[in-house]
Number of protein chains: 2
Amino acid sequence: MQTGPHIAQIAALVGDPARANVLSALMGGRALTASELAYHAGVTPQTASSHLGKLAEAGLLAQDRQGRHRYYRLASPLVGRMLESIMAVAETGPSRYRPHWKGGEALRTARTCYDHLAGRLAVDIADALIARGHVVLAADGGEVTAAGMAHLTGLGIDLGAAKRGRAFCRPCLDWSERRPHLAGAVGAALCVRAFERGWVERVKDSRAVAVTQEGKRGLSDAFGVVPQT
Amino acid sequence: MQTGPHIAQIAALVGDPARANVLSALMGGRALTASELAYHAGVTPQTASSHLGKLAEAGLLAQDRQGRHRYYRLASPLVGRMLESIMAVAETGPSRYRPHWKGGEALRTARTCYDHLAGRLAVDIADALIARGHVVLAADGGEVTAAGMAHLTGLGIDLGAAKRGRAFCRPCLDWSERRPHLAGAVGAALCVRAFERGWVERVKDSRAVAVTQEGKRGLSDAFGVVPQT
DNA sequence: CGATCGCTTCGGGCGCGGTCGAAGCGATTT
DNA sequence: AAATCGCTTCGACCGCGCCCGAAGCGATCG
């Protein structure tokens, strides 16, 4: 059996706390500079540089030079999916050491998960869409109904790229809620639209997102979801 | 950002070559004894025992004592999914060191992937089902059509547990073919049935499976698939 | 053009963890 | 009851790789 060593190479890269923090930070979906990532990782810039080099060389990260800054981002959605799945396992394990941490509540409430929304907000949206018969979600896949397509299109969410009405609709296990939320192309489009409309905005130095005043109205109108504080 | 350390814990476990080999071996879907796993990992029984203890404590493995043997297996499908996703990343990376290894050809031809079939055989089956309009597969999800349900049911594949006709149908990126094959409940049921009918049988000490003579006939009749040697 | 900034490279220190030999423990066999 | 077997625990060794200080390099700015 030879796939072992291959997956070990990748997993070992993710297995270092500093690098894992880097990857977690990049799960926010934005490209970040080396310094920012060093801060998130809690190490000095030189150490971070070493880690970033390894991650990039292995093809987990892509880099864009821009002036004297160097922006790093996840190299592909595949990497995001991998991190999601590792998180899912990490959160379902036995009562690991899991202290209450400041800012954790904000993350649990609403955050981005690579390219879509996650947290209580996202789970509530998914529940609402399911309850209204706009989306069908099961453990391994999902689909958007005709009524759902109409509704989402009405919200300005373009699903043209998603083929033949069944759309790229995928459940993603929410690590904080332990229930599925909407991922895939539908989740991503919904996330983009929510930012466009100013319903949510990013919280500094975090993957967390905050629901704005318009957001409360908009989400209530669109999905009947009333975000908790 | 605090999810970093959590995923690092899990990833670090997978990141050791010996442990990765253990997990790879268990991706075959069967429970294996500690000694067998030690052999697969290429370490002594004491070392393997240490690794197995850590994996079990972290909730990645489950153990069943049976007499003086102790059988280990993946603790949940979630773990299998995680390993799949890591493999997918590992195989799409840059030209990693990837020598030709004996037995590799057999694995590329057909193997089990935790609970479903993978390799050229599985990709061919998926292609055939898609071409016949029995299954629709996209990057993030899939569904079984009415005609597909009828066809699979006719083969004795029970999809009763899969709800409302859309079934748990999921694509799984095949690391050797780099194209999707059928996973999820449908893939698992199909795999079970293939073993029941004697179409395929396990190869000793490997995740590879061999297509039997009946298998060639059966697969040809059922899907129009002619397995290469 | 010198100063500053962002990032990387180099070098050395140090700790964590994988490894195996030896011994212990419980189940099974004769 | 003694011998064997499968597996785990203990103890010690040792090497990999994470880490940071110092220096180098390229871009930007005054």
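First the proteins, then the strands, lettered A, B, ... as listed; each starts at 1.
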Whole-Å gap separating [atom2] ([N]) and [atom1] ([X]):
X     : N      : atom1 : atom2 : answer
A/Y71 : C/dT8  : OH    : P     : 13 Å
A/D16 : D/dC16 : CG    : C1'   : 13 Å
A/E57 : C/dT9  : CD    : P     : 11 Å
A/H51 : D/dG17 : NE2   : C1'   : 9 Å
A/Q63 : C/dG6  : CD    : C1'   : 14 Å
A/H69 : D/dA27 : NE2   : P     : 14 Å
B/L52 : D/dT9  : CG    : P     : 11 Å
B/Q46 : C/dA22 : CD    : C1'   : 9 Å

Query raised in the report: Does A/E196 pair with A/R193 as a salt bridge, N-O distance under 4.0 Å?
Result: yes
Query raised in the report: So what does A/S50 hit on the nucleic acid, given a heavy-atom distance under 4.0 Å: a base, only sugar-phosphate, or nothing?
Result: nothing
Requested in this report: Could you check whether B/Y72 gets within reach of a base, just the sugar-phosphate, or nothing at all, counting any heavy atom under 4.0 Å?
Outcome: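 Sugar-phosphate contact only.
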Requested in this report: State which of D/dC5, C/dT19, D/dA27 makes the closest approach to the side chain of B/R68.
Outcome: D/dC5
Query raised in the report: Which of these nucleotides, D/dT9, D/dC19, C/dT8, is closest to any side-chain atom of A/T47?
Result: D/dC19
Query raised in the report: Is NZ or CZ of B/R30 both nearer than 6.0 Å to the six-membered ring centre of B/Y71 and within 45° of the ring axis?
Result: no
Report task. May I have the step-by-step check of salt bridge (Lys or Arg N to Asp or Glu O under 4.0 Å) for A/E84 and A/R81, ending in yes or no? Result -> CA-CA 5 Å; A/E84 280 176 17; A/R81 298 272 289 267; 5.1 Å; no
Query raised in the report: Which residues pass the salt bridge (Lys or Arg N to Asp or Glu O under 4.0 Å) test with A/R19, sequence neighbours left out?
Result: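 With sequence neighbours excluded, A/R19 shows a salt bridge (Lys or Arg N to Asp or Glu O under 4.0 Å) to no residue whatsoever.
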Query raised in the report: Between B/K54 and C/dG18, is there a side-chain N or O to OP1/OP2 distance below 4.0 Å?
Result: yes
